[in-house]
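A note on names: the letters A, B, ... follow the listed sequences, proteins ahead of strands, and every chain is numbered from 1.
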Amino acid sequence: MSITVYNTLSRQKEAFSPIETDKIRMYCCGMTVYDYCHIGHARTCLIWDVVRSYLQWRGYQVNYIQNFTDIDDKILNRARQENTTMEAVSERFIAAYFEDMANLGVKKADAYPRATHSLDGIKRLVYELEQKGFAYPSEGDVYYSVRNFPDYGKLSGRKLEDLQVGASGRVEVEDPEAAKKKYPFDFALWKASKPGEPSWESNWGAGRPGWHIECSAMVRERLGETIDFHVGGSDLIFPHHENEIAQSEAVTGKPLANYWLHNGMVKVGGEKMSKSLGNFTTIRDLLAKFEPEAVRLFILQAHYRKPIDFTDEALQAATNGWHTLRQGLLFGQQYGAKLNWDKELNFDKNIALEFEKVVDEDFNFSGGLAVLFEVAKNLIKEGNILVHQGKTETLSNELQKQWQTLVKLAEVLGFEAKIDQEVKISNNGLTDEAIETLISRRSEAKKAKNFAEADRIRNELQSQGINLIDQSGGVTKWHRNS
RNA sequence: GGCGACAUAGCCAAGUGGUAAGGCAGAGGUCUGCAAAACCUUUACCCCCAGUUCGAAUCUGGGUGUCGCCUCCA
């Protein structure tokens, strides 16, 4: 069994084959840190984190790198507005990023290189591009000459002629750099600094790197000339990733990445969520209203390449779904002791294989979740049978295997459930005898049609964490809410 | 204008040639004042029209609609 992935470069699903047998090099284009992260960032970070986790589950050792763009006009603008430095702004939002991701349950990448820490590599790349005839200096800037790179457009499926037709009348008018370029679609590798802006010394004078070059430099420095997965939001395909390919491959003559994977956009009200449209919700605002696991479930229930529409209704539905899954995950903690489970780890291979079979197909987490839900629902059912009838339908060790497999697979997807401590403590208040006494008192009240009293007793027990279940024949069962 | 993707139930969503997973919501039942849990049952002309095939949600062609990229974007 092997993993297949949809490669943006070939526009089809391909069997995945790593460069090294059991190691994977993976790079994700991160954020420009000039503001709080929004839900779109959440989707990107979450989905690729889960992909990394799945690859680890499949036995690969993954080196996962995600960058921060901390040199950029937007950061500079923000610094000016707030009368501070670019560095201060980016530090602040990098810290906020880590907070948000921790709250979302997104695990850390292996390293977070920043543009400001990668200047040597960047300058070296620009220099090499210049030496090889792919770059030219112009008034203190340095530009990449796209016409010298025959493969330009191979990722996004564009031809230079097409770009010209579509963009004519727009690029030339609005682009202040147009006069310095030999060709409209050449892009900046290095920009001469303006007065008061942060700058670094270079062969071409004081300046700062362009946006795309940092990723080429960081990938090369951290992961090598060719990597397995290069991932990011689909809005980065053009021009960002196209330009990365042009920069890196012109220098090395080797593919930058074997597989280019892109996640779909987050939409709100049918429209793309973006900074420029101003229709974004920050992760902070979202997590004030919904549980992180609900957000995770919502994101993982759609295939990563499809656009998703964030609505309160959808998040509410996901919250309910998460509660179902959580109940299944709590099964062992609630009933394991009662079922005399030992500590042995024992997986249900059939479930795990079914999960793998589905998810191996281009990271179909939605299909994988269906497998988990079926197991969770069965455990919930068995839990109820146990509470109400004192036995289970399935053999205890079978249930243990199912539960352990569920917990493990859920963990791969980033879900974990913990018993609420408060409920546990409140349970210690009443003895079984006291509860039985109250129940018989309630039964008498019921017989006397004194329903107000009956409900009062129900509520009193409820508040102590005791659930009553009225069954046929006037029998009332009860169990603790742990 | 160019490039690309998508269209499956009330909502969300998997499924890429063998007769429609799963989640949420709804209805009915086990059921008995209220309440809760669980289980069972139930809810799909797979956007339209042609074609290929024994067989199509799935492949091909043509429509229609929605969205993304082409400017900073995750």
Side-chain angles (χ1 to χ4, degrees), chain A residues 8 11 13 28-32 34 37-48 66 69 72-74 153 156-159 161-171 174-175 185 211 231-240 242 262-267 270-277 280 297-298 301-303 305-309 311 313-322 324-325 327 358 361 364-374 376-377 380-385 387-388 446 449-452 454-455 458-459 462 467-475 477 479:
Chain A
T8 306
R11 297 187 185 287
K13 280 189 195 171
C28 176
C29 281
M31 351 259 111
T32 302
Y34 70 102
C37 291
H38 58 60
I39 311 174
H41 299 123
R43 183 185 196 186
T44 296
C45 296
L46 194 147
I47 202 80
W48 299 119
Q66 186 180 7
T69 297
D72 179 86
D73 283 337
K74 289 190 289 288
S156 55
R158 278 157 230 264
K159 300 185 186 95
E161 310 88 72
D162 295 339
L163 283 171
Q164 228 166 344
V165 172
S168 64
R170 203 166 56 187
V171 166
E174 293 179 13
D175 185 359
F185 298 100
W211 173 37
V231 305
S234 62
D235 53 351
L236 295 182
I237 296 170
F238 190 89
H240 186 57
E242 194 70 69
H262 294 95
N263 61 278
M265 295 291 98
V266 166
K267 301 196 299 177
E271 243 186 353
K272 180 186 162 184
M273 171 178 301
S274 75
K275 289 293 178 76
S276 42
L277 288 170
F280 60 92
L297 183 64
F298 174 67
Q301 264 188 327
H303 187 87
R305 278 191 281 118
K306 279 188 130 187
I308 47 175
D309 212 335
T311 61
E313 294 71 35
L315 266 298
Q316 191 49 56
T319 301
N320 295 343
W322 155 240
T324 299
L325 186 59
Q327 233 189 307
V358 179
E361 276 288 315
N364 181 0
F365 297 122
S366 176
L369 276 167
V371 175
L372 298 197
F373 268 101
E374 277 175 50
K377 288 220 160 175
I380 293 168
K381 173 183 145 187
E382 293 284 0
N384 274 289
I385 294 172
V387 164
H388 296 165
K446 277 173 69 176
K449 304 262 180 208
N450 185 358
F451 296 125
D455 287 351
R458 173 195 289 290
N459 291 337
Q462 181 79 55
N467 276 347
L468 300 188
I469 300 118
D470 290 336
Q471 294 184 322
S472 48
V475 178
K477 291 251 177 184
H479 63 93

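Remark: A:Lys306 pairs with no residue by the salt bridge (charged side-chain N to carboxylate O under 4.0 Å, His left out) rule, at least two apart or across chains. Partners of A:Lys377 under the side-chain hydrogen bond (donor to acceptor under 3.5 Å, both in side chains) rule, at least two apart in sequence or in another chain, do not exist in this structure. With sequence neighbours excluded, the residues that form a ring pair (Phe, Tyr, Trp, His ring centres under 6.0 Å) with A:His240 are A:Trp211, A:His212. Scored by the ring pair (Phe, Tyr, Trp, His ring centres under 6.0 Å) test, A:Phe298 finds A:Phe310 as partners (sequence neighbours excluded). The side chain to side chain contact (heavy atoms under 4.5 Å, CB included) test applied to A:Ser274 returns A:Lys272, A:Ser276, A:Leu277, not counting sequence neighbours. Not counting sequence neighbours, the partners of A:Asn320 by the side chain to side chain contact (heavy atoms under 4.5 Å, CB included) test are A:Gln316. Under the salt bridge (charged side-chain N to carboxylate O under 4.0 Å, His left out) criterion, A:Asp309 pairs with no residue, sequence neighbours left out. For A:Arg458, the salt bridge (charged side-chain N to carboxylate O under 4.0 Å, His left out) test picks out A:Asp470, with sequence neighbours left out. Checked against side chain to side chain contact (heavy atoms under 4.5 Å, CB included), A:Val387 has the following partners two or more places apart in sequence or in another chain: A:Tyr335, A:His479.
OP1 or OP2 of B:C69 lies within a sub-4.0 Å distance of a side-chain N or O belonging to A:Lys272. Here A:Asn320 reaches the OP1 or OP2 of B:A25: one of its side-chain N or O atoms lies under 4.0 Å away.
Remark: side-chain polar atoms of A:Arg305 are not paired, donor with acceptor, to backbone N or O of A:Ser234 under 3.5 angstrom.
No contact: A:Val358 has no heavy atom under 4.0 Å from any strand. In this structure, A:Leu236 reaches the sugar-phosphate backbone alone: every heavy-atom distance under 4.0 Å involves primed, P, OP1 or OP2 atoms, never a base. Heavy atoms of A:Gly232 sit under 4.0 angstrom from primed sugar atoms or phosphate atoms, though from no base atom. At the heavy-atom level, A:Ala314 lies nowhere under 4.0 Å from the strands shown. A:Gln316 comes within 4.0 angstrom of nothing in the nucleic acid, heavy atoms only. Using a 4.0 Å heavy-atom distance criterion, A:Gly270 is classed as a sugar-phosphate-only contact. Residue contacts shown for A:Gly30 are limited to sugar-phosphate atoms, with no base heavy atom under 4.0 Å away.
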Contact state string [nucleotides 35-41 of chain B, B base, S sugar-phosphate only, - no protein heavy atom under 4.0 Å] | BBBSS--
For nucleotides 4-11 of chain B, 5' to 3', base contacts (B), sugar-phosphate-only contacts (S) and non-contacts (-) with protein non-hydrogen atoms under 4.0 Å give S-SS----
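Closest to the side chain of A:Phe238, from the set B:A13, B:G22, B:C70, is B:C70. Taking only side-chain atoms of A:Lys267, from C-beta outward, the nucleotide of B:C67, B:G33, B:A74 with the closest atom is B:C67. Checking B:C24, B:C67, B:A74 against the side-chain heavy atoms of A:His41 singles out B:A74 as nearest.
Only the P atoms considered, B:C39 is 13 Å distant from B:A25, to the nearest whole Å. When the P atom is used for both B:A21 and B:U43, the distance is 12 Å, rounded to whole Å.
Nucleotides of RNA chain B nearest to A:Glu374 and A:Ser366 differ in position, and the one nearer the 5' end is that of A:Ser366.
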Writing each nucleotide of RNA chain B 5' to 3' as (, ), [, ], | or . by Watson-Crick or G-U pairing under 3.5 Å yields ((((((((.[[[..)..(...]]].(((((.......)))))....[[[[[..)....]]]]])))))))....
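Remark: the A:Thr44 side chain and the B:A74 base include a donor-acceptor N/O pair separated by less than 3.5 Å.
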